[in-house]
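Heads up: the structure comes next, in structure tokens.
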Amino acid sequence: MTSSETRTQAFKSAPANCTALSVTVNGIVQGVGFRPFVYQLAASMGLKGTVANTATGVHIHAEGRPRDLEDFAVRLRTQAPPLSQITGINKIHAAYHGFSDFSIVASTSGHKRTALISPDVAVCSDCLAELYDPDDRRFAYPFINCTNCGPRYTIVEDIPYDRPKTSMKNFEMCADCLAEYKNPESRRFHAQANACPACGPGAWLVDSKGTRVLCKDPIEKAARLLKQGFIVAVKGLGGFHLAADAHDSAAVELLRNRKNRPAKPFAVMAADAAAVDAFAVMDEKEKALLESPGCPIVLLEKKSGARIAENVSPDNAYFGVMLAYTPLHSLLFSRGFGALVMTSGNLSGDPLVAENHEAEERLSGIADFFLLHDRGIHVRCDDSIVRRAAGGPVVLRRSRGYAPSPVFLDCRVSAILACGAELKNTVCLTRGKQAFVSQHTGDLKSPGTLDFFEKTIEHIKRITDTEPGFIACDMHPDYFATRYAKKQNHLTCIPVQHHHAHLVSCMAEHHLNGSVIGLAFDGTGYGTDETVWGGEVMVAQRAGFKRMAHLSYAAMPGGDAAVKEPWRMGLSYLIDAFGADWQNLELKFLRKISPENLRVVSEMISRRINSPLTSSMGRLFDSVSAIAGLCSRVDFEAQAAIKLEMQAAGSVLPLDKTCCYEYEIRETGGEIISIPPAPIIRGIVDDLLKGVFPGIVSKKFHTTIIFLFSDVCDRISRETGLKRVVLSGGVFQNPVLLEGMRESLRERGFSVFVNRRVPANDGGISLGQAVSAAARISGDACPDQDSKGL
Ligand code: ZN
Ligand code: ZN
Ligand code: FE
């Protein structure tokens, strides 16, 4: 019997005007309340049938009038629960069975499991309402959650996502919780982390010696200690925070000293958007970002007169702000805090601390007290960081609340593991059309992070049920991630140039194929000529690139030392621009460096001793910051560039060619355009000697870079016909540069693409590596929708 015969037969036995539909929904549809939603939607429409989880998503069999079924299929998408992410709905006519009701039936299994694990989700408003209801059985219970909120990725040990495979496995549900768990009409139907005070995890407080603090309410006690100026380590969703009262500058200073973090801004947490309004400026879209289920840290402009201590975010126009995202946080805030510093609980450079004993060992020199709990964190996950720039959200760190949601690709690719770069490392594993970018693993220069890196790889492989056949890595021979990749002898290793990977990360996000013009403005990346690249213009495809232009090479006296001490780069560019005459320049910043240091380093530069060559845009920004007297030594990465950006952001000079320094674009006779910074440096020095304010100098410098590189894009476009420009690399985290560059290029008729889903910094490298490797494996065989290749 053919399928059409089956269908005809089925229609015959159906009551008049009744038919059946089989619907498969793919994407993030498990563990997010999707089946109860389907159940309630179908029941409210009078449809009969079943819904079940499958290995790949959710399957629905629905029976009813054709028009209702059509309507049902539309509403499945339009009214889907907030946490679900539908990647595909497939519907076909099905045989009519004559169901008498609609029900949720047991999961089917068998096939390879491709259902997606949801990221962790901030506590929802329904749960908060119960949390503060004295008559509710979960009144003031810090681990309240439901199918719409609570821990996910951080508690999952293996798939399928069921309680025995999470860190909740040791808590046996009480009769009440179990009843909710089994009831399709309950908000807690199949909520794997469901718990209550009778059966679930609990919280307690210990001092720095590990002695339990006797108290009735550990959260209330912790709040009181914070108000007295103590530092409390608070176990959260993805790891520990170090908390201090953000209004108490002495407490913040104490935290800075103990954490050995003199200047890098601390993130703050507030109870809700109304509380944030007291100290930061936000528009509706920023507020929405703050309140989104991923609950990231959002960079918001400081409000003048804010009562937050100055040393929370010194020399910076922004606060990194997040809302209380667990019930425990919420209870802490209910004791009346405007804002708390909530910075990652780790020693500088080390991964976030996640376990109780680890916290007591490693944070005992920092925290006075520890607010602990016994819900295990299986996978540590830092807070994500997002800002709005260039007309949309831009992710600066993609971690809790985002991982492990995949980035969806435009074509199926081989299973590739990409190992990422050295700093801000993430890894990426591809499966079909999905690229799973891991949470932030951190700085692989720190030995503590290496183990976390390998565990993260194993975990992603497990929860995606994917064994890679290829491994992609950076070209830098000394990166830990590269060495790791080369050791995996059973996998074909595909190295990808650092800045090319940056550009491809953005191409992958926007489903760009064919050739684009790419501006990769970055700190450090290994170039194919073994110099340090970072001010690069390329014509890039996913599989390869051609270097078209770059900043002229400058000496980096002392290598890494020049990154930590921007005055060295300042001197390097001065020597480049003025030769021996630099010694006659009456620049303030030179007076602050000892004559001996100046002599030694200038000699290193002139004689090329321990001075690798770089075309890095990050180093050029550093040097201008140093020359303008803003920053000679950094306490944290990119500090000098951030100080320069802050100065530019405060300037009212327009984005106009008349506000540029003179610049030069040099055809070197060969194919590559070289861009000498010397004329720009001379203009800057000229201004500074005339007493022009650093704010104006900085804005003019930004504007110069924007016009200069717009001109370079014009030239390349004339040669190649390319009209799409991709902007990536860590320097584009600077919104003055990002927005100016985008605006200028758009005015010249270019389509401009920027990173939004993954960071423009090295946190996005793994995605670029994976997609570039995939293109090389397939011979760039992805459907080329808009190729204007060379
Ligand atoms: Zn909830
Ligand atoms: Zn219970
Ligand atoms: Fe980079």
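As the structure lists them, so they are numbered: ligands from 1, and atoms in each ligand from 1. Numbering of residues begins at 1 and proceeds along the displayed sequence.
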Metal site angle (apex the Zn ion (ligand 2)), SG from Cys174 and SG from Cys199, 10 degrees: 120°
Close side-chain approach of Met475 to Thr528, heavy-atom, < 4.5 Å: yes
Side chain to side chain, Asp383 and Tyr325, heavy atoms closer than 4.5 Å: yes
Arg619 with Asp622: basic N within carboxylate O range, under 4.0 Å: yes
Salt-bridge criterion met for Lys445 and Glu637 (N-O under 4.0 Å): no
Residues Ser674 and Tyr553: side-chain donor-acceptor under 3.5 angstrom: no
Arg188 bridged to Glu130 by N-O distance under 4.0 Å: yes
Donor-acceptor pair, side chain of Ser384 and main chain of Ser399, under 3.5 angstrom: yes
Cation-aromatic face contact Arg163/Tyr181, 6.0 Å, 45 degrees: no
Sidechain N-carboxylate O distance under 4.0 Å for Arg568, Glu565: yes
Under 2.8 Å from the Zn ion (ligand 1), the protein N, O or S atoms, given as residue and atom: Cys124 SG, Cys127 SG, Cys146 SG, Cys149 SG
Sub-2.8 Å protein N, O or S atoms surrounding the Fe ion (ligand 3): His498 NE2, His502 NE2, Asp522 OD1, Asp522 OD2, Asp762 OD1
Single hit among His498, His499, His500 for side chain to side chain donor-acceptor pair (under 3.5 Å) with His502: His498
